[in-house]
Peer 1: 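Mind having a look at this structure? Questions to follow.
Predicted model only: the values in this text are computed from it and were never measured. Just so it is clear: chains get the letters A, B, ... in the order the sequence lines come, proteins before strands, and each one is counted from 1.
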Amino acid sequence: MEASFNPHAIERSLYAEWEAANYFAPQGGEGYCIVIPPPNVTGSLHMGHAFQHTLMDTLIRFQRMRGRGALWQMGTDHAGISTQMLVERQLNAAGKTRAELGREKFIERVWRWKRESGGNISAQLRRMGSSLDWSRERFTLDEGYAQAVVEAFVRLHEDGLIYRGQRLVNWDPALGTAISDLEVINKEEEGSLWHMRYPLCDGLKTPDGQDHLVVATTRPETMLGDTAVAVHPDDERYRALVGKRARLPLVGRELPIVADRYVDPAFGSGCVKITPAHDFNDNALATRHDLPSINVLTEAAAINDNAPAAYRGLDRFAARQRIVDDLNALGLLAEVQAHKLMAPRGDRSGAVIEPRLTNQWFVKIATLAAPAIRAVQDGRIEFVPKGYENTYFAWMRDLQDWCISRQQWWGHRIPAWYGPDGAIHVGRDEADARRRAGLAGDVALRQEEDVLETWFSSSLWTFATLGWPEQTADRKRFHPTDVLVTGHDIIFFWVARMIMMTLKLTGEIPFRQVYVHGLVRDAEGQKMSKTKGNGLDPLDLIDGISLDDLLEKRTANLTQPHLAPAIAKATEGEFPNGIPSYGTDALRFTFCALASTGRDVRFDLSRTEGYRNFCNKLWNAARFVLMNVQLEAMSTAPVPGLADRWIKSRARSMVAAVTAALETYRFDRCANQIHEFAWREYCDWYLELAKPVLWDERTAPSQRSAVQHTLLQVLDLLLRTAHPLMPFITEAIWREVAPLLGTQGPSIMLQPYPLAEDLPADPEAEAAIDWLKSVVTALRNIRGETGIKPSQEVRVLLRGGAARDRELAAATEALVRRLAKAESMQWLDADAAAPPSALGLVGSLEVMVPLAGLIDLDAERRRLSKAVERKQAELRRLQAKLENRKFIDNAPPEVVEKERTKRAEAAVRMVALTAQLGSLS
RNA sequence: GGGUGUUUAGCUCAGUUGGGAGAGCGACGGCCUUACAAGCCGUAGGUCGCAGGUUCGAGCCCUGCAACACCCA
């Protein structure tokens, strides 16, 4: 083995080997399944993916080693809108448009792009070590999957759960399509509030003598589509006018004045203009009052022919300006106020969204939502952490019908056909639709142009990937899947819809648990994004990147190029030397260590560095073991010593804790346990305890054999325990170690996960080594604080203590002397005077190092004074507690007893410390 | 405006049923000790957001407040 760990030397070849040997496909055993949240087929890996995939792979590897037939289902998503946008942008850059190309040519082009760039994400997933079953890979637009989507649509339609209707939808004028509520981001923006005068008809006047009403709006251009003015029914100012009429300026239409509780009388003048075709609230009000809707906008959000000629063809913002000017010229603009408003923008395009009346396809939600709520209520599906269940319920309880049609080309074309009479015929294909409708072959049918939104197809993900609608063997074995691992940002988009659709179409839940993890943020807690230029590419952490390359990557192709200098400056500040290469295992271990209870994680590169060091530590521990194990010595029957028994007992606790942590998705605890055990116990203590036994020629062969066996056994066990988190380094080391243990098998992946029960609990050995550690630590403390050179051997005197201390001292003397670098260890009688010494206490045992010219007296006095002070404070606290009558009367006897013992111990120590301090002055 | 979450060491975070405040990183001091300087040994550092309450006892339970974050309107 090389002297230090080099991830690049092992990662790619090990992965290729695993994949070629088909180790990622489920073997025998009870099925266990996780489906990958399908990444965008043309996308690339970001930190969120890397985080999520680390957690999933850890679970899959863990269950695989426990003997489950573990399937991590691979697949990608066609990602309708974003993929179409991407290819369209390429087209535009080449001076062409989608319309010029036509539907078929355009789709062909997207497929070509998919073939060219679709392998990108797959290659990156492999670099993360993800043990996905590539042989079962699916794509939401592949043939079988497309059939499943059609099947789902047809069945829902047959059940009356899908309908086409004219409804107000969120319209993205930049993309020319409807989008769902979830795809609209409401953000506060600076705008204006225009107060406009609408004259009253028939010479009417308000109670305060005005001949007009004042209405306020943030969107003056919509006034062209106004069909009413509304006031609150209890508003005294306008009560007399309800039922009368006002005249719409610029248009001339007469508007009824209606009363509705929706109006807030305290806002503005208390009068509201009603534009049913362009506002959700107004639309609802219009339905209540049976008002007409007048659409005044085109698909591109320009004014259409329903408006007066003067405004036709104007873009909505140009029209706004013109209307404001015209009203002003007529003296009808009462006031303009600065105003903060919630502006709806499309999450893909960034364009201001228009509510717009269009014909769309919808899924009726009410009957789907109820069973989906029940499935979580009665515990068949469990969210981890549980708190997210409330979020889920709140959202599910007031859910609108789901608009599933998109005016796009890239996606599943809706399987509906229009007859010459406009009648709609749904079927699995055109012939099926014709058959169902009883139409003759010569009746011309025209297929719906719209496609289904992406989430419709991905809501079928758990079962469509397993062969639905067929009842395949895979489906039987792996569905319902065991856990869905996902971010809280897509609970609504995806999780809720999967639950609804899966229950409806298969009668099964899609998964038993939903593990919701947090989002990955940068060191400042900011969301990582291309725009902000604060993103990290997981592969750059694995492979490293120079500052120049990083700067280039972060500032190239910015949507807001003026931010480039600021981004460059921040980047230089944070990574003055670029990013070193940490390797996949260190990155994965970081993600696990940061993944606590579903909260967002601030990604901290210094953690990754620490875990890279941990990898190196493991590597070198293995080197040490391999250097010190000789097969011939191990043939002697081993007789385990205290240290051997101790480390195995500790390993037992570690395995139990790690297993419990993984079973409850506490990846942070899992990582901490492994780190703590490997470094603080196995390396810091066990290897050091092993050295004297291994290197002392007088050691009995049976003892040496025991140490060598234990070194190997515990290392093997540690590697297997850590494998799910850090697959590469554990495999590389294991291949060196396993043959020495006589273990057969090509890969650690296929080894059984350690069981705590297989290891002996040994409280006696644990107590003995704990004592040893205390004594050694006390001596090291004296060395460090009093300035005794590490190379300087010391004499150790022991005094006081109990019979137990004498036993333990006898049992561990050789080890203590070695670890504390003590030339001798001598007992003094309890009442014997000690030479001037530095003192440490282990319980009531006094551990002393005679001064004899090697100790800085002042330093020792300072150290002792500090110890006395602390002890005094402790004693005072305990004393006060035990003098408190209420405590004695009310606390459980064992707690009181514990406090008494502590007081007694503290008192003894206090005496020893004070006496020692006295003897030095 | 409604809801959820967060607030613990300089930084990032643990803290399971209420019973002596923890880790990593960073800081400081000392070491090239024959696996590892990506290392070893030692040390310092906290009014657990604020104010009340329950309790013999509160980081943990209850109430109120504040700040921040996110979701929804």
Peer 1: Between B:A51 and B:C60, how far is it from one P atom to the other, in whole Å?
Peer 2: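 Roughly 13 Å separates the two P atoms.
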
Peer 1: In terms of side-chain heavy atoms, does A:Asn186 have a donor or acceptor partner in A:Arg345 at a distance below 3.5 Å?
Peer 2: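 Not at all, the side chains of A:Asn186 and A:Arg345 share no donor-acceptor pair under 3.5 Å.
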
Peer 1: At 4.0 Å (heavy atoms only), tell me whether A:Arg900 reaches a base, stays on the sugar-phosphate, or touches nothing.
Peer 2: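 No contact.
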
Peer 1: Mind listing the N/O atom pairs, protein and nucleotides 69-73 of chain B, below 3.5 Å?
Peer 2:
none

Peer 1: Please give the distance between the P atoms of B:G20 and B:G3 as a whole number of Å.
Peer 2: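 Each nucleotide's P atom is 37 Å from the other's.
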
Peer 1: Return the value, rounded to whole Å, for the distance between atom CZ of A:Phe393 and atom P of B:G2.
Peer 2: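 It is 23 Å, rounded to the nearest whole Å.
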
Peer 1: Has A:Arg602 got a side-chain N or O lying under 4.0 Å from the OP1 or OP2 atom of B:C13?
Peer 2: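 Answer is yes, contact under 4.0 Å.
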
Peer 1: Please tabulate, one pair per line, each protein N/O and nucleotide N/O from nucleotides 21-27 of chain B that are separated by under 3.5 Å, including the distance.
Peer 2:
residue	atom	partner	partner atom	Å
B:G24	OP1	A:Arg680	NH1	3.3

Peer 1: Looking for any heavy atom pair under 4.0 Å, which part of the strands does A:Ala394 touch: base, sugar-phosphate only, or nothing?
Peer 2: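 No contact at all - A:Ala394 keeps every heavy atom at 4.0 Å or more from the nucleic acid.
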
Peer 1: For A:Lys617 and B:C40, is the shortest distance between a side-chain N/O and OP1 or OP2 below 4.0 Å?
Peer 2: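 Affirmative; the distance criterion is met.
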
Peer 1: How is the base pairing of RNA chain B summarised as a dot-bracket string, given the Watson-Crick and G-U wobble criteria with both distances under 3.5 Å, [ ] for crossing and | for another strand?
Peer 2: (((((((..((((.....[..)))).(((((.......))))).....(((((..]....)))))))))))).

Peer 1: Who are the side chain to side chain contact (heavy atoms under 4.5 Å, CB included) partners of A:Ala9, not counting sequence neighbours?
Peer 2: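 Listed in chain order: A:Glu2, A:Asn6.
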
Peer 1: Select one nucleotide: of B:G20, B:C41, B:A35, the one nearest the side-chain heavy atoms of A:Arg780.
Peer 2: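 Of B:G20, B:C41, B:A35, B:C41 is nearest to the side chain of A:Arg780.
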
Peer 1: Quote, to the nearest angstrom, the C1' distance that separates B:G45 from B:G29.
Peer 2: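 Here B:G45 and B:G29 have their C1' atoms 15 Å from each other.
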
Peer 1: With a 4.0 Å limit, can you tell me whether A:Arg669 has a side-chain N or O closer than that to the phosphate oxygens OP1/OP2 of B:G15?
Peer 2: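 So the side chain of A:Arg669 is within the cut-off, an N or O lying under 4.0 Å from OP1 or OP2 of B:G15.
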
Peer 1: Under 4.0 angstrom, heavy atoms only, what part of the nucleic acid is A:Arg666 near: base, sugar-phosphate, or nothing?
Peer 2: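 Sugar-phosphate contact only.
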
Peer 1: Looking only at the aromatic ring of each residue, does the gap between the centers of A:Phe589 and A:Phe667 stay below 6.0 angstrom?
Peer 2: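 No, ring centres 6.0 Å or more apart.
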
Peer 1: Whole angstroms only, please: what is the CD1-P distance between A:Ile788 and B:G30?
Peer 2: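 Computing the A:Ile788:CD1 to B:G30:P distance gives 16 Å.
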
Peer 1: Are A:His517 and A:Tyr665, when compared by the centres of their aromatic rings, separated by less than 6.0 Å?
Peer 2: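 No, too far apart.
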
Peer 1: Counting any heavy atom closer than 4.0 Å, what does A:Lys821 reach on the DNA or RNA strands: base, sugar-phosphate only, or nothing?
Peer 2: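 No contact at all - A:Lys821 keeps every heavy atom at 4.0 Å or more from the nucleic acid.
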
Peer 1: Ignoring backbone atoms, test whether A:Arg783 places a side-chain nitrogen or oxygen under 4.0 Å from the OP1 or OP2 oxygen of B:G42.
Peer 2: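 So the side chain of A:Arg783 is outside the cut-off, no N or O lying under 4.0 Å from OP1 or OP2 of B:G42.
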
Peer 1: Expressed in whole Å, how much space separates the C1' atoms belonging to B:C32 and B:G49?
Peer 2: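 Pairwise C1' distance, B:C32 against B:G49, rounds to 47 Å.
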
Peer 1: Contact class for A:Asp684 vs. all strands (heavy atom < 4.0 Å): base, sugar-phosphate, or nothing?
Peer 2: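 It contacts sugar-phosphate atoms only.
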
Peer 1: Salt bridge or not for A:Glu688 and A:Lys691, using N-O below 4.0 Å?
Peer 2: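 A salt bridge links A:Glu688 with A:Lys691.
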
Peer 1: All N/O contacts under 3.5 Å from nucleotides 5-10 of chain B to the protein, with atom names and distances to one decimal?
Peer 2:
none

Peer 1: What pair of heavy atoms forms the shortest contact from A:Asp543 to A:Ser581, and how long is it?
Peer 2: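 The answer is O-CB, 3.3 Å.
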
Peer 1: Could you give the distance separating B:G30 and B:C36 at their P atoms, to the nearest angstrom?
Peer 2: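 Those two atoms are separated by 24 Å.
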
Peer 1: Would you check if the distance from the ring center of A:Phe603 to the ring center of A:Phe591 is below 6.0 Å?
Peer 2: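 Judged by ring-centre distance (under 6.0 Å), A:Phe603 and A:Phe591 do meet the cut-off.
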
Peer 1: Looking for any heavy atom pair under 4.0 Å, which part of the strands does A:Ile888 touch: base, sugar-phosphate only, or nothing?
Peer 2: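 Counting heavy atoms under 4.0 Å across all strands, no contact is made by A:Ile888.
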
Peer 1: Base, sugar-phosphate, or nothing: which does A:Arg877 touch, judged by heavy atoms less than 4.0 Å apart?
Peer 2: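 Sugar-phosphate, backbone atoms only, no base.
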
Peer 1: Can you tell me how far OG1 of A:Thr664 sits from OH of A:Tyr515, rounded to the nearest 0.5 angstrom?
Peer 2: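 Going from the OH atom of A:Tyr515 to the OG1 atom of A:Thr664 covers 9.5 Å.
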
Peer 1: Starting from C1' on B:A35, measure out to CG on A:Asn628 and report it in whole angstrom.
Peer 2: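 Atom-to-atom, A:Asn628 to B:A35, this comes out as 8 Å.
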
Peer 1: Which value, in whole Å, describes the distance between the C1' atoms of nucleotides B:C25 and B:A14?
Peer 2: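 Going atom to atom, C1' in each nucleotide, I get 14 Å.
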
Peer 1: Quote, to the nearest angstrom, the C1' distance that separates B:A21 from B:C48.
Peer 2: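 B:A21 and B:C48 have their C1' atoms separated by 8 Å.
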
Peer 1: Identify each atom pair where a protein N or O and an N or O of nucleotides 57-62 of chain B are less than 3.5 Å apart, giving names and distance.
Peer 2:
none

